Amino acid sequence: MPDAPFRRLALIGIGLIGSSLARAAKEKGGIADEVVATARSAATRDTVRRLGIVDRVEDTAAAAVAGADCVMLCAPVGAFADIAAAIAPHLARDAVLTDVGSTKGSVIRDVGPYVPDHAHFVPGHPIAGTEHSGPEAGFATLFEGRYAILTPPPGTDEAAVAKVATLWRNAGSMVEIMEPQHHDKVFAIVSHLPHLIAFTICGTADDLEEESRQAVLRFAASGFRDFTRIAASDPEMWRDVFLNNREALLEMAQRFTEDMTAMARAVRWGDASYIEDKIARGRRIRRRLIELRQA
Ligand SMILES: NC(=O)c1ccc[n+]([C@@H]2O[C@H](COP(=O)([O-])OP(=O)(O)OC[C@H]3O[C@@H](n4cnc5c(N)ncnc54)[C@H](O)[C@@H]3O)[C@@H](O)[C@H]2O)c1
Ligand SMILES: O=C(O)C(=O)C[C@]1(C(=O)O)C=C[C@@H](O)C=C1
């Protein structure tokens, strides 16, 4: 097992992402010698105790961070400001505070002001997940071969950034450093908009009158099924992502709406070459993505 960059890791919130990292720490090593966790509800804390995936479960975030040299926020991003306010007075000297939130500008805005001078703040985002949530949904290999993006504010202690990078590399990820605004724009198009579209198309189908709806479910082929996989994701997490990447998401949604209107117009007027051209472009993108993954 590789040497761990941290002695004690405190996970604040432990669902799919936190529990996957806890499992990776136990099964792969190289993450932290000891993992402590807390969650908002007693039921989740009991589940985590029963699963035996961490060394200790604490009832409060303040108790979980005491004596930890790494604290990772793994709750929905809308809860980060309150969590940061609650844990700030309990952070150890030179503790590294990081997170896994899907938005980065909002996390820097909400958490940054609470970070005491004696601690280091290294925002992060593992680009790995599934449509499942909760501590039972995690697995140790989730981060393998995936990117982990870090968005440290200017002047962040380089040793702290290096330690968080080592943690993610040992979990199996490729680490990239990005500007938070650039991150939010990129993930608005490759992650947040696709989820918004999936939730919306399922809603559109569900709004159809009862008879057609039964047909929709009965004859749902893989195209619609692929959307329902994404649409099965956690409502609280995605509500927070949308509301905390509002500007970039609205810009991408606007561009998408314009492109969809153009496509609908081509269908209405029978513009075969426009339609074929757009479909061929989608196909090229899919092929390029597959080639990149194989490289
Ligand atoms: N699911 C994904 O695909 C994915 C991928 C990358 C990053 N993320 C980010 O990771 C974070 C966690 O997502 P997840 O998929 O693990 O969610 P999840 O729903 O599986 O788990 C969230 C956990 O946070 C806890 N929690 C909620 N509010 C809390 C609070 N106020 N205080 C303490 N704990 C609280 C819940 O009890 C649960 O244990 C989110 O910020 C999300 O944006 C998710
Ligand atoms: O694979 C999935 O199901 C995901 O939704 C994972 C996914 C994504 O959109 O790619 C979702 C949210 C993240 O912040 C990162 C990854």
Side-chain angles (χ1 to χ4, degrees), residues 10-23 36-49 51 53-54 57-65 71-87 98-107 110-111 123-139 142-143 145-151 168 171 173 178 183-184 186-199 226-245 248-249 252 289 293:
L11 301 171
I12 313 301
I14 175 163
L16 170 72
I17 301 296
S19 76
S20 293
L21 193 64
R23 286 174 169 97
V36 178
T38 189
R40 180 181 42 174
S41 77
T44 304
R45 296 195 295 272
D46 284 345
T47 302
V48 176
R49 283 190 188 101
L51 290 170
I53 51 177
V54 300
V57 178
E58 292 284 359
D59 287 346
T60 66
V65 307
V71 174
M72 188 180 282
L73 308 185
C74 300
V77 291
F80 280 14
D82 286 348
I83 294 174
I87 64 172
T98 185
D99 75 292
V100 297
S102 305
T103 60
K104 293 279 57 86
S106 75
V107 170
D110 291 350
V111 176
H125 178 199
I127 313 305
T130 71
E131 68 278 26
H132 304 297
S133 55
E136 283 164 310
F139 51 99
L142 176 65
F143 308 108
R146 301 308 198 97
Y147 283 105
I149 293 174
L150 305 181
T151 63
W168 287 114
S173 298
M178 256 170 124
H183 167 281
D184 286 356
V186 169
F187 287 93
I189 184 71
V190 302
S191 176
H192 307 169
L193 183 65
H195 278 81
L196 186 146
I197 293 169
F199 296 133
D226 286 352
F227 280 110
T228 62
R229 183 193 76 76
I230 301 176
S233 303
D234 187 66
E236 197 180 349
M237 172 196 147
W238 282 100
R239 174 203 67 196
D240 282 5
V241 172
F242 290 175
L243 293 177
N244 285 282
N245 195 19
L249 179 57
M252 297 309 164
L289 202 70
R293 286 274 145 87

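Predicted model only: the values in this text are computed from it and were never measured. Note that the numbering runs from 1 along the sequence shown for the chain. Ligands are counted one by one from 1 in listed order, and the atoms in each one are counted from 1 as well.
Atom 32 (N) of ligand 1 has Ile83 CD1, 3.6 Å as its closest protein atom, hydrogens excluded (heavy atom only). Closest to atom 24 (O) of ligand 1, if we only count protein heavy atoms, is Ala75 CA, 3.5 Å. For atom 33 (C) of ligand 1, the nearest protein heavy atom (residue, atom name, distance) is Arg40 N, 3.7 Å. From the protein, the heavy atom lying nearest to atom 17 (O) of ligand 1 is Leu16 N, 4.4 Å. Nearest protein neighbour of atom 21 (O) of ligand 1, counting heavy atoms only, is Gly15 CA, 3.1 Å. For atom 42 (C) of ligand 1, the closest heavy atom belonging to the protein is Ser102 OG, 3.5 Å. Closest to atom 25 (C) of ligand 1, if we only count protein heavy atoms, is Gly13 CA, 3.9 Å. At the top of the distance list for atom 9 (C) of ligand 1, counting protein heavy atoms only, stands Val100 O, 3.3 Å. Counting only heavy atoms of the protein, atom 3 (O) of ligand 2 lies nearest to Arg229 NH1, 3.0 Å. Looking only at protein heavy atoms, the nearest one to atom 1 (O) of ligand 2 is Gly129 O, 3.1 Å. Nearest protein heavy-atom contact of atom 16 (C) of ligand 2 is Ala128 N, 4.0 Å.
No side-chain heavy atom of Val36 sits under 4.5 Å from any side-chain heavy atom of Val54. Counting heavy atoms from C-beta on, the side chains of Asn244 and Asp110 come closer than 4.5 Å. Here the side chains of Val111 and Leu73 are in contact, with some heavy-atom distance below 4.5 Å. Side-chain contact between Thr44 and Pro135 is present, with at least one heavy-atom pair separated by less than 4.5 Å. The closest side-chain heavy-atom distance from Ser133 to Met237 is not below 4.5 Å. Contact check for Ile230 versus Glu131: no side-chain heavy atoms found under the 4.5 Å cut-off. Residues Ile17 and Pro126 are in side-chain contact: their nearest non-hydrogen atoms beyond the backbone lie under 4.5 Å apart. In this structure the side chain of Leu142 never reaches within 4.5 angstrom of the side chain of Arg23, judged on heavy atoms.
Here the NE2 atom belonging to His195 is positioned 12.0 Å from the CG atom belonging to Leu249, to the nearest 0.5 angstrom. With values rounded to the nearest 0.5 angstrom, Thr60 atom OG1 is found 8.5 Å from Ile12 atom CD1. Expressed to the nearest 0.5 Å, how far CZ of Phe143 lies from CG of Leu21 amounts to 5.5 Å.
The shell of residues lying under 4.0 angstrom from ligand 2, judged by heavy atoms, includes Trp238. For the pair Ala128 and ligand 1, a heavy-atom separation below 4.0 Å is found. Under the 4.0 angstrom criterion for non-hydrogen atoms, Thr130 is in contact with ligand 1.
Short contacts between ligand 2 and Ser191, defined as distances under 4.0 Å to a heavy atom of the residue, involve ligand atoms 8 (C), 9 (O), 11 (C), 12 (C). The Ile17 neighbourhood of ligand 1 comprises atoms 4 (C), 5 (C), 6 (C), 8 (N), 10 (O), 14 (P), 15 (O), 16 (O), 44 (C), with distances under 4.0 Å to a heavy atom of that residue. The atoms of ligand 1 that sit less than 4.0 Å from any heavy atom of Gly134 are 18 (P), 20 (O). The ligand atoms of ligand 1 that sit less than 4.0 angstrom from a heavy atom of Pro126 are 6 (C). The Ile14 neighbourhood of ligand 1 comprises atoms 23 (C), 39 (O), with distances under 4.0 Å to a heavy atom of that residue. Each of the atoms 41 (O) of ligand 1 lies under 4.0 Å from some heavy atom of Val77. The contact set between ligand 1 and Gly101, taken as ligand atoms under 4.0 Å from a residue heavy atom, comprises 41 (O). Against a heavy-atom cut-off of under 4.0 Å, Cys74 is close to the following atoms of ligand 1: 11 (C), 12 (C), 22 (C), 23 (C), 24 (O). For ligand 2, the atoms closer than 4.0 angstrom to any heavy atom of Ser102 are 13 (C), 14 (O). Atoms of ligand 1 lying under 4.0 Å from any heavy atom of Ser133, numbered from 1 in the order shown and given with element: 18 (P), 19 (O), 20 (O).
The option from Glu131, His125, His132 that lies nearest to atom 14 (O) of ligand 2, judged by heavy atoms, is His125.
Ion pairing between Asp226 and Arg229 fails under the 4.0 Å rule for side-chain N and carboxylate O.
Of all non-hydrogen atoms in Ala62 and Ala86, the two that sit nearest each other are CB-O, 4.5 Å. Nearest heavy-atom pair across Ala75 and Ile83 is CB-CD1, 3.8 Å.
A tilted orientation is assigned to the rings of Phe187 and His192, their planes being inclined by 30° to 60°.
Considering both main-chain and side-chain atoms, Met237 never comes within under 3.5 Å of ligand 2 through any nitrogen or oxygen pair.
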